[in-house]
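For reference, the structure is listed below as structure tokens.
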There are 2 protein chains.
Amino acid sequence: MHGFHMKSDDNNILGITNCREIGRTCACFKVRKAARAITKLYEEVLRPSGLRATQFSLLMATRVMGPVTVLKLAQVMVMDRTTLTRNLEILEKRGLITSKTGEDRREREVSLTTAGMEVLTTAVPLWEEAQNQVEKGLGEERLHNLLGDLSEMISLARK
Amino acid sequence: MHGFHMKSDDNNILGITNCREIGRTCACFKVRKAARAITKLYEEVLRPSGLRATQFSLLMATRVMGPVTVLKLAQVMVMDRTTLTRNLEILEKRGLITSKTGEDRREREVSLTTAGMEVLTTAVPLWEEAQNQVEKGLGEERLHNLLGDLSEMISLARK
DNA sequence: TGATAATAAGTGTATATACACTTAATTAAA
DNA sequence: TTTAATTAAGTGTATATACACTTATTATCA
């Protein structure tokens, strides 16, 4: 089900040998597809916490790094800075984080609030459920390798 | 740079042994991060074609499968049907695909237009550039394994 | 020191994503 | 065959994503 399937035989078009191969071999397509699938799984489990997948990651990162500037957080999240700004807006409106101007007044420093910490207390066990499901399904070894290769891909893509 | 980094030593909170581990081991976070990074790479290369990554995949899938129903296409893309509806809207407005009511009048059948095919003719060589970059960076063997593991993860997540 | 370059962040816009709900059409059941 | 259940698709809403551009502040240099 997870590839493009031909109906007819006119596959040698656009000057490449085998058109349908792209559906199977495209790194971007596959990773995006995997992101959609895995996100759905985690978000279903995280639902009782009221957090989306990105919000959970963002709160965890802020928890560990905060107070932290927008730029630094964006780098760690491998997320465009302007995307992060929009995501932080939502979390701040909900009172899960706060931000204030930094010592360098161009910077904005983000911190987790008590409410944010409380939401994480609810969310972390849910996260563990989802994570265990994936670990059990793929096997710890294989998942570990997969995550390592993805890290490599991320480094590679950022050059 | 790609993990949560602690400042202090208060890491044993929220009832889990090591908070920062989540930033390294979370399958969802890592895959989403990789999707952002790899998408950026492909979209920079695809830019001259005027196509985003998702649009390219969608046109290729339609090219290979069309005429195809929205539901079927959504399943192959591992994409929510309503997401697909919105994505198709944009491509149809640009004249790259057409859709018409199917034999079963609940269904909508999507096909690539000549203009869509022409855009793909421009895009495919660009795609190959991006793909080669990734292949060269990770190595064919490793990329192949990675894509296989991601397929496994996708299957697993859809249960 | 005053002009200029560099840096951090925000805004406008467009696309991507999916849930909850609705509508239209077909199929199955009474 | 009329009704009920099922199925395919669309809409309202909210979040996620990032590029191009702008603004405010700091750093550099002539």
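No experiment lies behind these values; they were computed from the predicted model shown. Letters A, B, ... mirror the listed sequences (proteins, then strands); counts begin at 1.
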query = OP1 or OP2 of dA9(D) less than 4.0 angstrom from a side-chain nitrogen or oxygen of Arg86(B), does that happen here?
reply = no
query = Rounded to the Å, how far apart are Glu107(B) CD and dT7(D) C1'?
reply = 9 Å
inquiry  = At 4.0 Å (heavy atoms only), tell me whether Thr69(A) reaches a base, stays on the sugar-phosphate, or touches nothing.
reply    = sugar-phosphate
ask   = Nearest-Å distance, CG (Leu71(A)) to P (dG10(C))?
value = 11 Å
task = Please state how far atom NZ in Lys100(A) lies from atom P in dA9(C), giving the value in whole angstrom units.
result = 13 Å
query = Side-chain N or O of Asn87(B) less than 4.0 angstrom from OP1 or OP2 on dT17(C)?
reply = yes
ask   = For dA18(C), does either OP1 or OP2 sit under 4.0 Å from a side-chain N or O belonging to Thr82(B)?
value = no
task = Any chance you could measure Leu146(B), atom CG, to Met153(A), atom CE, to the nearest 0.5 Å?
result = 4.5 Å
ask   = Expressed in angstrom and rounded to an integer, what is the separation of Leu84(A) atom CG from dA18(D) atom C1'?
value = 12 Å
message = Let's go through Val134(A) and Ile38(A) carefully: what are the C-alpha distance in whole Å and the side-chain angles of both, what is the deciding distance for side chain to side chain contact (heavy atoms under 4.5 Å, CB included) to 0.1 Å, and is it a yes or a no?
response = CA-CA 9 Å; Val134(A) 175; Ile38(A) 201 80; 3.7 Å; yes
ask   = To the nearest angstrom, how far is Arg108(A) atom CZ from dT23(D) atom C1'?
value = 14 Å
ask   = Base, sugar-phosphate alone, or nothing: which one does Thr54(A) contact when heavy atoms must sit under 4.0 Å apart?
value = sugar-phosphate
request  = Using the six-membered ring of Phe29(B), assess whether NZ or CZ of Lys33(B) lies under 6.0 Å from its centre and within 45 degrees of the ring axis.
outcome  = yes
request  = Taking atom types as modelled, find out whether Thr54(A) and Arg32(B) have a side-chain donor-acceptor pair closer than 3.5 angstrom.
outcome  = yes
key: Thr83(A) side-chain N/O to dA16(D) phosphate OP1/OP2 under 4.0 Å   = no
query = Start at the 5' end of DNA chain D and walk down; is the nucleotide closest to Arg94(A) or to Glu103(A) reached first?
reply = Arg94(A)
ask   = In Å and rounded to the nearest 0.5 Å, what is the CZ to CD distance from Arg158(B) to Gln75(B)?
value = 7.0 Å
task = Describe the nucleic acid contact of Glu43(B) in one word from base, sugar-phosphate, nothing, applying a heavy-atom distance below 4.0 Å.
result = nothing
OP1 or OP2 of dA18(C) under 4.0 Å from side-chain N/O of Thr39(A) = no
ask   = Side-chain donor or acceptor of Arg105(A) under 3.5 Å from a matching atom on the base of dT23(D)?
value = no
message = Can you tell me if Lys40(A) touches the phosphate of dC19(C), counting only side-chain N or O atoms and a distance under 4.0 Å to OP1 or OP2?
response = yes
task = Find which nucleotide of DNA chain C each of Ala37(A) and Arg81(A) is nearest to by heavy atoms, and output the residue with the more 5' nucleotide.
result = Arg81(A)
ask   = Quick one: Asp80(B) CG to dC19(C) C1', roughly how many Å, whole number?
value = 7 Å
request  = Look at the side chain of Arg106(A) against the base of dT7(C) and say whether a donor-acceptor pair falls under 3.5 Å; ignore hydrogens and angles.
outcome  = yes
ask   = Expressed in angstrom and rounded to an integer, what is the separation of Met77(A) atom CE from dT15(D) atom C1'?
value = 14 Å
query = Is there a donor and acceptor pair, one atom on the side chain of Arg52(B) and one on the base of dT17(C), closer than 3.5 Å?
reply = no
message = Under a 3.5 Å cutoff, is there a donor and acceptor pairing between the side chains of Glu107(A) and Thr101(A)?
response = no
Distance in angstrom units between Leu88(A) CG and dA16(D) P, rounded = 10 Å
remark   = Closest of dA20(C), dA9(C), dC19(D) to the Arg47(A) side chain is dA20(C)
